[in-house]
Amino acid sequence: MSYLYKILTITVLLASLSASGQLQSEYTLDSDQITVFETSKTLSSKLIKTGDTLNWEQQEAGSTNTISYAITGITGHWDAGTSLGELSYTLNKEGFTAVIFTLNGTENNGLQATLSIQEGDQPALVYTFNITNIIYP
């Protein structure tokens, strides 16, 4: 019985360690600034990942504007315990040819997030967010 208990304990421990390194399914990123075409603008916003949706909430002049994107694919690896890794989301939004969101977390550079939006044959607009915080529900 003692042998079985040890195996069960080790299995549970390994499963919990493995789960901590999996894709984080939900989080909120806070940003205080955005850069587009090398021009920076103060813009308080949140990027909220819940289920199969990424919401970009923009707060400006006392009002909130939310843009929702459907997530159609996710690649990469993220460790919620350390907020390190790299995730790339393929998003869908009517009227756009391609939408890609990336989240990178490194020890040296902290958190970095970009949203690339392409409409038709036009060059993609790449929004770079100044991430100040990440929250896991």
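We number each residue from 1, following the sequence as shown.
Shown here are the side-chain hydrogen bond (donor to acceptor under 3.5 Å, both in side chains) partners of D32, two or more places apart in sequence or in another chain: N130. Take S44 and apply the side-chain hydrogen bond (donor to acceptor under 3.5 Å, both in side chains) test, not counting sequence neighbours, and it matches Q59. Under the side-chain hydrogen bond (donor to acceptor under 3.5 Å, both in side chains) criterion, D52 pairs with no residue, sequence neighbours left out. Remark: T82 engages no residue in a side-chain hydrogen bond (donor to acceptor under 3.5 Å, both in side chains) (not counting sequence neighbours). Qualifying ring-ring contact (aromatic ring centres under 6.0 Å, His included) partners for Y69, counting only residues two or more places apart in sequence or in other chains: none. Residues satisfying the side chain to side chain contact (heavy atoms under 4.5 Å, CB included) test with T72, not counting sequence neighbours, are T90, N92.
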Under 3.5 Å, sequence neighbours excluded: what are the donor-acceptor pairs made by side chains of residues 110-127?
{"residue": "T114", "atom": "OG1", "partner": "T102", "partner atom": "OG1", "Å": "2.6"}
{"residue": "Q118", "atom": "NE2", "partner": "G120", "partner atom": "O", "Å": "3.4"}
{"residue": "Q118", "atom": "NE2", "partner": "Q122", "partner atom": "O", "Å": "3.2"}

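Listed by first and then second residue, the ring pair (Phe, Tyr, Trp, His ring centres under 6.0 Å) pairs involving residues 103-124 amount to none (not counting sequence neighbours). Legend: ring pair (Phe, Tyr, Trp, His ring centres under 6.0 Å) pairs involving residues 31-51, not counting sequence neighbours: none detected. For residues 57-69, the set of pairs meeting the salt bridge (Lys or Arg N to Asp or Glu O under 4.0 Å) definition, not counting sequence neighbours, comprises K41-E60. Every pair tested for salt bridge (Lys or Arg N to Asp or Glu O under 4.0 Å) that includes a residue from residues 126-137 fails, sequence neighbours excluded, so the list is empty.
Closest approach of A80 and Y136 over heavy atoms only: O-CE1, 3.4 Å.
The closest donor-acceptor contact from the side chain of K49 to the backbone of G51 lies under 3.5 Å. A donor-acceptor contact shorter than 3.5 Å links the side chain of T106 to the backbone of N109.
Between W56 and F129, a ring centre-to-centre spacing shorter than 6.0 Å is recorded.
Residues K93 and I67 meet the side-chain proximity criterion, which asks for heavy atoms closer than 4.5 Å.
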